[in-house]
Amino acid sequence: MILEYLILTKSVFFGVVLQFPGPSRHRGAYVDDFEQPTDEAFADEGIETSAMEGKDIEPSSMEVDMYEQQDEPSESENQTYACRESPFMFSRSNYKQQLSDFQRLQFANNYCKAAYLEVMTLAKEAGTWIRAKPGLGNLDNLVNVFRTPPLPGKKIEFSVASAVVPDIPASEMVTIMMHVKNKWSKSMFPLVKHGEEYRVVECLQNLSKTDASIWGAIQVYAEIQLPTTLVPTRYFEFLRYGKEIMDGVHIIVDVTSHCFGDPYARYNSEKRPSGVIIREYGRKDCEIIWIENVEVEETRETMYSSIINSNLAYNADRWISTLLWKLKRDQSSFADLKIDVHPRAGSFLLALTQAMKRFFMECVSQHPDEVALTIATSDADPIRIMYNQTLTERIALVGVNSFRVQAKPLSVFHFLMKMDLQLAFRASANSEIDEVHEEPEQLFTFASDDKSNIISLHKRNTEQQGTSYCLQEASMDKYCSFILSKTMPEELLNVHIVCGEESIYETSEHRMANVTPSGFAIMPDGPGGLQSDASLVTFLMQLDYDPSKGDVHVDTVRKDFLRDLNMIIQELNEKVVRRND
């Protein structure tokens, strides 16, 4: 009776227009004490590790072995719909007296089981190594809630991909997924611009008491961003919980927070039942199935519409590709050394270039951090000009714009690597880009084994400026590539990179004081990855002005930025597009 009443009743929070948080917000307590459960931990609670599925609320919903063949699903079960309102929406004021703590926990448990069943069903139907659905009793009503049509103005994006993750055992992959702030968001950057986790509250804290195989649950806030100002940031809030399916096989399940009536949830996109299924693959590796299943706003018409509508921008394979690229980047090593480097130079280079990319992503965000950046142009202006308030010794601004070029991303990438260095040294020498200078000397590379990520240091000597240095990171991926650079003073070079008696990297509070880069992000405009027929390019440029010459008008900055932008587009058309015709 209570369940029927709740199905017919809307949450007092449903339908409320929420203001999005702007810059990444911070609230709640971080969950930094998450640990993978051990056999001893379960033994302390009187739970046998060989029977992790005990203590379900309803005996009829006990789970069966995942790899036993189940009856064929009905036609209605095979259909994939969209998701809408949960039948268990709790308003503390309306329902607190009507539902006991046990009933609230029962609804939460059943909802989580339904989300788990949906993720496993989607993995099975996608033809992965999941061969059967779990037997959890009759959860059709709850599963159908996840398959109702989207609201007007919304659409569904769904995809499944699988891969072997080298040198990451299953237990470590689980830890990456559950440590959102310190591991997951960093492993999925730059697709995940920002991520945090919070402790679950109320009945969700007791999920493991109803299902002993659930060993962790957190509330997640995430911002998903493409490297352009033309695509709005996607904001998500969702419950994430980890569950052991059987020995050596785990699942991480994500489901939107609105299912649990969270009055504080703020999002413009929703997680339908999504997740990652993880199993051991040898002694050192793991194999994963990534299920991406979200309800998002309809795509507004821009040059990026086609890759979003064709599900190339955010699909499951891109999430896996981002993870694998990050793992390879972390294993970078030095080569072609022409200078001595400090033993800790590698960690400094990874941290500095990562901070440069974070600054780039902040500049293209729908709501840049107002402490660091102030937008000076209107939303209707295709060129975004921002005051860079992280630099105070000069008048510093940043310009951003995206454009399309009819050339393969791989060709564009290699051309812009050289162009990026020319722009950086031109800026440091205050000269024109077509002035003749000697080619910069490359002092080292710090690269991944497959050269998908290369950090390099370059030196140029000029009569006017003497010796100048430029650090560049070139990151190549079939979904999104970056080329970013910044000039480096010799003092910073000597302290953090060149070999010396000691490095102050660990203690310096100002080591990341200036991370403003100039550079490019490149995405394929269609299928084919790096061999796609066209490229979508975002250009970001740092523009500095001498404060002794007075204030600088935004129109002047815009004109300076536009001059370089037009020059880059012209060079691409003449030297890349026509060459490939």
Side-chain angles (χ1 to χ4, degrees), residues 182 185-187 189-190 193-194 227 325-364 369 372-373 388-393 396 398 417 420-421 423-425 427-428 440 442-448 451-460 467-476 481-500 502-521 540-542 544:
N182 294 325
S185 64
K186 294 178 180 179
S187 298
F189 180 80
K193 173 180 169 287
H194 178 78
W325 169 83
K326 171 63 165 56
L327 295 175
K328 288 183 286 188
R329 179 181 184 268
D330 288 345
Q331 299 301 315
S332 296
S333 58
F334 282 101
D336 306 319
L337 283 164
K338 296 182 180 179
I339 59 173
D340 293 329
V341 296
H342 193 277
R344 295 183 180 179
S347 61
F348 172 78
L349 291 170
L350 290 174
L352 176 60
T353 52
Q354 187 84 334
M356 290 161 56
K357 193 174 293 183
R358 287 197 179 278
F359 189 91
F360 184 104
M361 295 304 295
E362 198 65 52
C363 289
V364 300
D369 184 353
L373 298 163
N388 180 5
Q389 300 179 86
T390 64
L391 303 177
T392 56
E393 66 273 15
V398 178
M417 279 184 68
D420 183 55
L421 285 176
L423 287 168
F425 280 117
S428 66
Q442 182 176 283
L443 300 180
F444 64 71
T445 62
F446 185 63
S448 57
K451 307 304 182 195
S452 62
N453 198 81
I454 302 174
I455 300 172
S456 53
L457 181 66
H458 304 262
K459 179 178 76 171
R460 173 178 279 175
T467 303
S468 55
Y469 299 90
C470 180
L471 184 71
Q472 182 186 73
E473 181 176 40
S475 310
M476 185 165 55
S481 302
F482 285 87
I483 304 164
L484 299 176
S485 65
K486 73 179 300 296
T487 54
M488 290 189 70
E490 192 165 1
E491 178 186 3
L492 188 68
L493 179 71
N494 290 334
V495 171
H496 296 303
I497 297 178
V498 176
C499 189
E502 64 175 326
S503 170
I504 63 171
Y505 171 75
E506 299 296 339
T507 58
S508 172
E509 295 180 356
H510 304 290
R511 62 185 184 271
M512 298 298 178
N514 179 9
V515 296
T516 307
S518 292
F520 305 88
L540 180 143
M541 183 179 181
Q542 178 179 344
D544 295 337

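Being a predicted model, the structure only gives us computed values, none of them experimental.
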Calculate, to the nearest 0.5 Å, the distance between atoms OG1 and CZ belonging to Thr467 and Arg460 respectively.
12.0 Å
Using side-chain heavy atoms (C-beta onward) and a distance below 4.5 Å, is Ser468 in contact with Thr487?
no
Could you work out, with side-chain contact (heavy atoms from CB on, under 4.5 Å) as the rule, every residue matching Ser518, not counting sequence neighbours?
Met541, Gln542
Would you say the side chain of Phe359 lies within less than 4.5 Å of the side chain of Leu484, judging by non-hydrogen atoms?
no
Who are the salt bridge (charged side-chain N to carboxylate O under 4.0 Å, His left out) partners of Asp336, not counting sequence neighbours?
none
By side chain to side chain donor-acceptor pair (under 3.5 Å), Arg329 pairs with (sequence neighbours left out) Thr353, Glu473
Which residues share a ring pair (Phe, Tyr, Trp, His ring centres under 6.0 Å) with Phe482, sequence neighbours left out:
Phe360
Would the number of heavy atoms belonging to other residues, nucleotides or ligands and lying under 6.0 Å from CD of Glu393 be above 12?
yes
Apply side chain to side chain donor-acceptor pair (under 3.5 Å) to Ser448 and list each qualifying residue two or more places apart in sequence or on a separate chain.
Asp450, Ser452
Measure the shortest side-chain to side-chain distance between Met361 and Phe189 over non-hydrogen atoms and say whether it is less than 4.5 angstrom.
yes
Side chain to side chain contact (heavy atoms under 4.5 Å, CB included) with Phe446: of Asn453, Leu350, Leu471, Leu457, only one passes, and it is Leu350
Of all residues at least two apart in sequence or in a different chain, which pass the side chain to side chain donor-acceptor pair (under 3.5 Å) check with Thr392?
none
With the side chain counted from C-beta on, respond yes when Thr516 and Lys486 share a heavy-atom pair under 4.5 Å apart, and no when they do not.
no
Would you indicate whether the side-chain heavy atoms of Phe520 and Leu423 approach each other to under 4.5 Å?
yes
Spacing of Leu352 atom CG and Ser347 atom OG [to the nearest 0.5 Å]:
11.0 Å
